[in-house]
Amino acid sequence: MDAKHSSSPAPLDGGPAARLLAWYDRHARDLPWRSRPGEVSDPYRVWLSEVMLQQTTVAAVTPRFTAWVERWPDVASLAAAPDEDIMAAWAGLGYYARARNLVKAARAVVAEHGGRFPTTEAGLRALPGLGAYTAAAIAAIAFGERAVVVDANVERVVARLFAIETPLPAARPAIREATDRITPDARAGDFAQAMMDLGSSICTVKKPQCLLCPIAVDCRGRAEGIAETLPAKAPKKARPYRHGTVFWIEHKGCVWLVRRPDKGMLGGMRALPTGPWVDARPGLADAPGQGPWTMLNETVVHGFTHFELELALARTDGKPENDSAGEWWPIADLGTAGLPTLFARAADLLKRV
DNA sequence: AACACGTGGAC
DNA sequence: TGTCCAAGTGT
């Protein structure tokens, strides 16, 4: 081959990709969405797991994934399910836009792709909720495409491997380019999963286990003694504090639940009524009824990604004053309502009063 | 580009 | 105890 047109050739020993794949062959985690060796991956299961795993730990996802595929074993059954069933099934997993986009994507696959997932990275990228990472991951894992898969694990491993000292997010283009250079033509899906397994078990944020690392020999960060400090990150902003009041309206063993608007926090989820979340304690302003309200002594404090919320708790007997959309839910069955964790915790305090 | 968007576990 | 962080995406 003309050297002028050859991309940087693989090292004679196969380079880090070969070492990593050999390690993966012996140490890959057995996870319910992974195919057995020699079996074809089910794109539906790969897609579902990848979406569930966005910003969410394997430990949190595993039981939810298993229950989900038992209830909806394929994309057609999911596409046919009512929105509220899907949203309730997602309750507690967080980042509820993922569930809203999951429904849209399932229905798009059925309506526009004959019930089969697009098989290319570009085709997958066009589905709701599939960004650069997830589209590449599914293309590689489910369809064997050579896609460059970069998640937070890969960012960390690659920043260390190449001793990239630029802080995130500015380092992203360089990290992606370096990942491209070491991604093999064959087994790109295994390579991606191997990088993520390595990042979660050995090349960890704190105290990386370099003595166990199959590519320590390739690692410039280790050679320079700076591996654990990488990747550098831009400092983050302080989290503001906000206040709100949540309202418990009880009538004949039922409690009044509303559905939150699709946009914004906890969008589309069933919830207890609550006024706006603001800088100062709102008390009974924006109460959905004239009461009389009883305030509980306890409050619920809940940390979100970008602010912390303290919720006062108010309760009353009778009907809501306005006829805003909602439903009476049996208090004994509150566990099936699919409340986000914040409201589930508030309800636990309110239902015992 | 920077911010909105959940939750629970680890230290 | 408070901080950091996890298989990111949409705007």
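To find a chain, count down the sequence lines: A is the first, B the second, and so on, and within it residues start at 1.
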How many whole angstroms separate atom CG of A:Leu342 from atom C1' of B:dC5? 14 Å
Does the distance from a Lys or Arg side-chain N to an Asp or Glu carboxylate O, for A:Arg187 and A:Asp25, drop under 4.0 Å? yes
I'd like to know if A:Asp197 pairs up with A:Arg34 as an ion pair, taking the criterion as any Lys NZ or Arg NE/NH1/NH2 lying under 4.0 Å from an Asp or Glu carboxylate oxygen. yes
Send over the distance from A:Arg239 CZ to C:dT3 C1', rounded to a whole Å. 9 Å
Counting the atoms with a prime plus P, OP1 and OP2 as sugar-phosphate, which does A:Val58 contact under 4.0 Å by heavy atoms, base, sugar-phosphate, or nothing? base
Is A:Leu31 touching bases, backbone alone, or none of the nucleic acid, heavy atoms closer than 4.0 Å? base
At 4.0 Å (heavy atoms only), tell me whether A:Met265 reaches a base, stays on the sugar-phosphate, or touches nothing. sugar-phosphate
Closest to the side chain of A:Lys237, out of B:dC3, C:dA6, C:dG8, is B:dC3
How would you label the contact of A:Arg172 with the nucleic acid (heavy atoms, under 4.0 Å): base, sugar-phosphate, or nothing? nothing
Could you say whether A:His306 or A:Pro169 is positioned toward the 5' end of DNA chain B, judged by the nucleotide with the nearest heavy atom to each? A:Pro169
Starting at atom CZ of A:Phe307, determine the distance to atom P of B:dA4, rounded to an integer number of angstrom. 9 Å
Which part of the nucleic acid, if any, lies within reach of A:Thr134 when heavy atoms closer than 4.0 Å are counted: base, sugar-phosphate only, or nothing? sugar-phosphate
Tell me if the side-chain of A:Thr56 makes a donor-acceptor pair with the base of B:dG8, cut-off 3.5 Å, by modelled atom types. no
Testing A:Arg107, A:Arg100, A:Lys104 for salt bridge (Lys or Arg N to Asp or Glu O under 4.0 Å) with A:Asp83, which one passes? A:Arg107
Atom CG of A:Asn153 and atom P of C:dG8 are separated, to the nearest Å, by 7 Å
Report which part of the nucleic acid A:Ala132 touches: base, sugar-phosphate, or nothing (heavy-atom distance under 4.0 Å, all strands). sugar-phosphate
Give A:Trp33 one of three labels, base, sugar-phosphate or nothing, depending on what nucleic acid heavy atoms sit under 4.0 Å from its own. base
What is the nucleic acid contact for A:Gly199, judged by heavy atoms within less than 4.0 Å: base, sugar-phosphate only, or nothing? nothing
Rounded to whole Å, NZ of A:Lys236 lies from C1' of B:dA1 at a distance of 17 Å
Taking only the P atom of each, what is the distance from C:dA7 to B:dA10 in whole angstrom? 14 Å
Using a heavy-atom cut-off of 4.0 Å across all strands, would you classify A:Ala137 as base, sugar-phosphate, or nothing? nothing
Distance check needed: C:dT3 P versus A:Lys206 NZ, whole Å only. 13 Å
5′-ward residue of the pair A:Leu339/A:Arg242 relative to DNA chain B: A:Arg242
Does A:Leu93 reach a base, just sugar-phosphate, or nothing at all? Heavy atoms under 4.0 Å. base
I'd like to know if the side chain of A:Thr134 and the backbone of A:Gly131 have a donor-acceptor N/O pair within less than 3.5 Å. no
Does A:Pro128 reach a base, just sugar-phosphate, or nothing at all? Heavy atoms under 4.0 Å. sugar-phosphate
Under the 6.0 Å and 45° cation-pi test, does A:Arg220 pair with A:Phe162? no
How would you label the contact of A:Arg345 with the nucleic acid (heavy atoms, under 4.0 Å): base, sugar-phosphate, or nothing? nothing
Closest nucleotide among C:dG8, B:dG6, C:dA7 to the A:Arg29 side chain: C:dA7
Between A:Arg45 and A:Asp74, does any side-chain N to carboxylate O distance fall below 4.0 Å? no
Sugar-phosphate only, base, or nothing, as touched by A:Gly303 at under 4.0 Å among non-hydrogen atoms: base
Quick check on C:dA6: is either OP1 or OP2 less than 4.0 Å from any side-chain nitrogen or oxygen of A:Arg156? yes
Between C:dG8 (P) and A:Leu168 (CG): distance, integer Å: 13 Å
Which part of the nucleic acid does A:Thr341 contact within heavy-atom distance under 4.0 Å: base, sugar-phosphate only, or nothing? sugar-phosphate
Does any donor atom in the side chain of A:Asn153 or A:Arg156 lie under 3.5 Å from an acceptor atom in the other side chain? yes
Report the distance from atom CD of A:Glu308 to atom P of C:dT1, rounded to the nearest whole Å. 14 Å
Which whole number of Å gives the distance between the P atom of B:dG6 and that of C:dT11? 14 Å
When the nearest nucleotide of DNA chain C is assigned to A:Met196 and to A:Leu130 on a heavy-atom basis, which residue is associated with the more 5' position? A:Met196
